[in-house]
Undergrad: 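Got a structure here, written out as structure tokens. Questions coming.
Everything numeric in this text was worked out from a predicted model, so none of it was measured. Heads up: numbering here begins at 1 and tracks the sequence.
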Amino acid sequence: MNINTELLHAGVVRDANGATFTPIYQNSAFAQDSAEQLEKIFENKAMGYCYTRVGNPTVTSFENRITKLEGGMASIACSSGMAAIMNAILGIVRSGEEIISSASLYGGTIDLFRDLEEFGIVTHFVKNNDWEAIEAAFNERTRAVFAETIGNPCLDVTDVEKLAEIAHAHHVPLILDNTTATVYLFQGLKHGADIIINSSSKYINGNSNSISGIITYSGKFRFDFDKYEGLSSYKQYGSMAYIAKLRNSFFRDTGACLAPMNAYLNQLGLETLGLRMQRQCDNAYELASWLEQNYPDITVNYPGLAGSLWHEIAKKQFSKGFGGILTLRLGSKERAFRFINALQIPYIISNIGDTKTLVIHPGSTIALHSTQKEREAAGVYEDLVRVSVGIEDVEDLKDDFAQAIAQS
Ligand SMILES: *Cc1c(COP(=O)(O)O)cnc(C)c1O
């Protein structure tokens with residue numbers, strides 16, 4: 001099946017009453033017929049539900065749909081994209097061990113990696129696609145490589161196959177945050193990534209109504225249980241060891257579960273992901289090209305533009321479009337603020353992936369806690385404005401951008 005059909009049908013199970021997808025089980029706990037049965041569920045010896053912090057049918061159906069779409073073995077839905085990243089990391093990296101990460105990350109992830117230092121987990125930030133620097137960052141303590149498919153808001157594009165090849169040569173998994181590309185543009189597991197992160201708060205949900213995240217595991221990376229000591233007690237689960245560890249340790253212990261209502265809303269969103277993403281890619285391409293042609297004093301950054309440093313990699317990896325986000329450099333912070341304030345259609349908001357066009361000045365908001373050096377490595381400058389393009393009529397966006405530029 002092709003992707004738009006899969007978005008509607010893959011992994012969907014009709015419930016006993018004929019509901020065409022799993023209804024909202026707004027329940028905290030699930031009764032069983034006997035003490036023995038509940039014991040079995042607690043011991044992972046029987047399928048079934050006990051408590052929504054551990055699992056819930058509506059959440060399971062969201063997980064199964066994402067697993068099918070990504071082509072993975074299993075997924076764990078979390079309360080946010082950040083919870084997904086934290087759990088994905090804590091499943092394999094222990095105190096005294098290290099991560100190698102692209103420096104051009106979402107600000108919240110940079111903050112998390114810095115906070116993990118308090119617990120003895122060190123992250124080496126390297127320039128994305130700088131293979132020599134990445135090679136040089138490995139040592140015997142390295143346990144994971146981390147990158148974003150399209151950096152937010154840097155908009156650099158990771159050469160995923162190449163990065164996976166290097167990670168695997170060192171027997172370390174690649175964790176790929178695919179939030180900005182989504183499975184519609186790119187199936188990371190098919191290109192060598194081992195663990196996919198989606199902040200489903202963004203494009204998957206599509207309407208900004210549910211903070212949520214999800215981890216998907218390929219089932220293919222062979223963890224060496226001597227090296228990954230934290231996984232050794234899950235050895236009996238074989239290729240499911242990583243997922244078993246995730247579900248039975250920090251995810252459950254920290255209460256990182258997704259609310260059933262949010263799992264339901266994300267499934268509604270998922271069904272139109274392809275329609276929205278295609279339109280957003282087309283609109284972003286049109287807007288970026290038009291801005292580049294008409295406003296030589298503004299630097300337009302979009303992987304779809306032939307002049308982008310990342311255009312060749314983007315073309316190789318994405319066949320349907322180049323994503324829904326572009327950034328503009330307007331020369332100064334003051335002009336960037338005047339431009340943002342003059343726009344009529346977009347919302348000034350710290351989000352991406354909505355049906356509506358959204359704008360933000362990253363330097364004073366999402367990258368606020370980053371140092372100057374971290375900001376520059378993440379492609380954040382004082383004069384930078386990020387635009388998450390929506391599904392509006394692009395002519396209206398052009399008119400609005402034209403009047404706002406004229407006023408700035
Ligand atoms: C938003 C975002 C996150 C964090 O997700 P939340 O759902 O806000 O916790 C992680 N990575 C990227 C690329 C994001 O855009």
Undergrad: Give a yes or no answer on whether the side chain of T142 reaches the backbone of F138 with a donor-acceptor pair at less than 3.5 Å.
TA: no
Undergrad: With a 4.0 Å cut-off on N to O distance, would you call E286 and K398 a salt bridge?
TA: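 A salt bridge is present here (some side-chain N lies under 4.0 Å from a carboxylate O).
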Undergrad: Are a donor atom and an acceptor atom from the side chains of S61 and Q267 found within less than 3.5 Å of each other?
TA: yes
Undergrad: Which residue pairs pass the side-chain hydrogen bond (donor to acceptor under 3.5 Å, both in side chains) test when at least one of the two sits in residues 301-312, sequence neighbours left out?
TA: N301-T327
Undergrad: Among all residues two or more places apart in sequence or in another chain, which pass the side chain to side chain donor-acceptor pair (under 3.5 Å) test with T355?
TA: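 T355 satisfies side chain to side chain donor-acceptor pair (under 3.5 Å) with no residue once adjacent residues are dropped.
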Undergrad: Indicate every side-chain donor-acceptor pair of residues 7-21 with a distance under 3.5 Å to a residue at least two apart or in another chain.
TA:
unit_1, atom_1, unit_2, atom_2, d
D15, OD1, N17, N, 3.0
D15, OD1, G18, N, 3.0
D15, OD1, A19, N, 2.8

Undergrad: Could you tell me if S212 and S200 have a donor-acceptor pair between their side chains, going purely by distance under 3.5 Å?
TA: yes
Undergrad: Could you please spell out the steps behind the side chain to side chain donor-acceptor pair (under 3.5 Å) verdict for H361 and E382?
TA: CA-CA 8 Å; H361 177 257; E382 278 302 286; 5.1 Å; no
Undergrad: Show your reasoning for whether side chain to side chain contact (heavy atoms under 4.5 Å, CB included) applies to I340 and V385.
TA: CA-CA 8 Å; I340 289 175; V385 174; 4.0 Å; yes
Undergrad: Would F30 and Y51 count as a ring pair (Phe, Tyr, Trp, His ring centres under 6.0 Å) here? Give the steps.
TA: CA-CA 6 Å; F30 299 84; Y51 198 52; 9.1 Å; no
Undergrad: Is it the case that more than 12 heavy atoms not belonging to N2 sit under 6.0 Å from its CG atom?
TA: no
Undergrad: Can E98 and H124 be counted as having a side-chain donor-acceptor contact under 3.5 angstrom?
TA: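 E98 vs H124: donor-acceptor pair found between side chains.
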Undergrad: Is a side-chain donor-acceptor pair under 3.5 Å present for H369 with E374?
TA: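 Absent: no donor and acceptor within the cut-off.
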Undergrad: In terms of side-chain geometry, is the basic nitrogen of K127 or E132 positioned less than 4.0 Å from the acidic oxygen of its partner?
TA: no
Undergrad: Tell me whether R279 is salt-bridged to D282, with the criterion being a basic N under 4.0 Å from an acidic carboxylate O.
TA: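 No salt bridge links R279 with D282.
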Undergrad: Going through the distances and angles, do I121 and I99 end up as a side chain to side chain contact (heavy atoms under 4.5 Å, CB included)?
TA: CA-CA 8 Å; I121 294 173; I99 303 164; 3.8 Å; yes
Undergrad: Can N44 and R247 be counted as having a side-chain donor-acceptor contact under 3.5 angstrom?
TA: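 The criterion, which ignores hydrogens and geometry beyond distance, is not satisfied for R247 and N44.
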Undergrad: When you compare the side chain of M82 with that of M86, does any pair of heavy atoms fall below 4.5 Å?
TA: no
Undergrad: Ion pair present between R65 and E271, side-chain N to carboxylate O less than 4.0 angstrom?
TA: yes
Undergrad: Holding to side chain to side chain donor-acceptor pair (under 3.5 Å), I want the full list of residues that pass it with N129, two or more places apart in sequence or in another chain.
TA: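 Counting only residues at least two positions away or on another chain, N129 forms no side chain to side chain donor-acceptor pair (under 3.5 Å).
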Undergrad: Classify the side-chain pair E392/N283 by whether it contains a donor and acceptor separated by less than 3.5 Å.
TA: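 No, no side-chain donor-acceptor pair sits under 3.5 Å.
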Undergrad: If you measure only the distance, is there a donor-acceptor pair under 3.5 Å linking the side chains of Y203 and Q280?
TA: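 The criterion, which ignores hydrogens and geometry beyond distance, is not satisfied for Q280 and Y203.
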Undergrad: With rounding to the nearest 0.5 Å, note down the distance linking CG in L258 to CG in N266.
TA: 6.5 Å
Undergrad: Starting at CG of L155, measure out to OG1 of T180 and round the result to the nearest 0.5 Å.
TA: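 Answer rounded to 0.5 Å: 8.0 Å.
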Undergrad: Looking only at heavy atoms, what is the nearest atom pair of V145 and V172, with distance?
TA: N-CG1, 3.7 Å
Undergrad: So do I196 and I215 actually touch side chain to side chain, heavy atoms under 4.5 Å?
TA: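 No. Closest side-chain heavy atoms not under 4.5 Å.
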Undergrad: Can you list the steps and then say if I352 with R386 is a side chain to side chain contact (heavy atoms under 4.5 Å, CB included)?
TA: CA-CA 9 Å; I352 55 168; R386 182 186 72 190; 3.3 Å; yes
Undergrad: Side chains of N209 and N205: is there a donor and an acceptor less than 3.5 Å apart?
TA: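 Yes.
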Undergrad: Any chance you could measure I405, atom CD1, to L330, atom CG, to the nearest 0.5 Å?
TA: 7.0 Å
Undergrad: Can you sort out the partners of T52 under side chain to side chain donor-acceptor pair (under 3.5 Å), two or more places apart, ordered by chain and number?
TA: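 Expected list: N56.
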Undergrad: Take F223 and F221 through the ring pair (Phe, Tyr, Trp, His ring centres under 6.0 Å) test and state the conclusion after the steps.
TA: CA-CA 6 Å; F223 287 99; F221 186 82; 4.8 Å; yes
Undergrad: Do T216 and S75 have side-chain N/O donor and acceptor atoms under 3.5 Å apart?
TA: yes
Undergrad: Any side-chain donor paired with an acceptor under 3.5 Å for S408 and R335?
TA: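 Looking only at side-chain atoms, R335 and S408 do form a donor-acceptor pair, the distance falling under 3.5 Å.
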Undergrad: Could you check, using the six-membered ring where one of them is a Trp, whether F401 and W290 have ring centers closer than 6.0 angstrom?
TA: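 Ring-ring flag for F401/W290: false, centres at least 6.0 Å apart.
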Undergrad: Applying the side chain to side chain contact (heavy atoms under 4.5 Å, CB included) criterion to F146, which one of V93, I85, I195, L163 satisfies it?
TA: I85
Undergrad: Taking D354 first and then R276, would you say they form a salt bridge - that is, a charged N and a carboxylate O separated by under 4.0 Å?
TA: no
Undergrad: For L358 and V387, what are the C-alpha separation, side-chain angles and deciding distance, and is it a side chain to side chain contact (heavy atoms under 4.5 Å, CB included)?
TA: CA-CA 6 Å; L358 317 173; V387 184; over 6 Å; no
Undergrad: Take a 6.0 Å sphere around CZ of F339 and say whether it holds more than 12 heavy atoms from other residues, nucleotides or ligands.
TA: yes
Undergrad: Regarding D159 and K316, does a basic nitrogen lie under 4.0 Å from an acidic carboxylate oxygen?
TA: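 The answer is yes: the pair qualifies as a salt bridge.
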Undergrad: At what distance, to the nearest 0.5 angstrom, does NE2 of H170 lie from CD of E165?
TA: 11.0 Å
Undergrad: For atom CE of M1, decide whether the heavy atoms of other residues, nucleotides or ligands shown that lie under 6.0 angstrom number more than 12.
TA: yes
Undergrad: Nearest heavy-atom pair of P57 and T22: which atoms, and what distance?
TA: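 Between these two residues, the closest heavy atoms are O-CG2, 3.7 Å.
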Undergrad: Donor-acceptor pairs are to be reported for all side-chain atoms of residues 228-246 against protein atoms at under 3.5 Å, with residues two or more places apart or in another chain.
TA:
unit_1, atom_1, unit_2, atom_2, d
Y228, OH, R143, O, 2.8
S232, OG, E229, O, 2.7
Y242, OH, A88, O, 2.8

Undergrad: T179 and N198: side-chain donor and acceptor closer than 3.5 Å?
TA: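 No, N198 and T179 have no side-chain donor paired with an acceptor closer than 3.5 Å.
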Undergrad: Less than 4.0 angstrom from a charged side-chain N to a carboxylate O is my criterion; do E97 and R141 meet it?
TA: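 Result for this pair is no, no salt bridge flagged.
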Undergrad: Establish, for the pair K356 and Y347, whether the NZ or CZ atom is under 6.0 angstrom from the six-membered ring centre and no further than 45 degrees off its axis.
TA: no
Undergrad: Around F225, counting heavy atoms of other residues, nucleotides and ligands shown, do more than 12 lie under 6.0 Å from its CZ?
TA: yes
Undergrad: If the threshold is 4.0 Å, N to carboxylate O, is there a salt bridge linking D383 and R329?
TA: yes
Undergrad: Regarding T60 and Y49, is there a side-chain donor-to-acceptor distance under 3.5 Å anywhere?
TA: yes
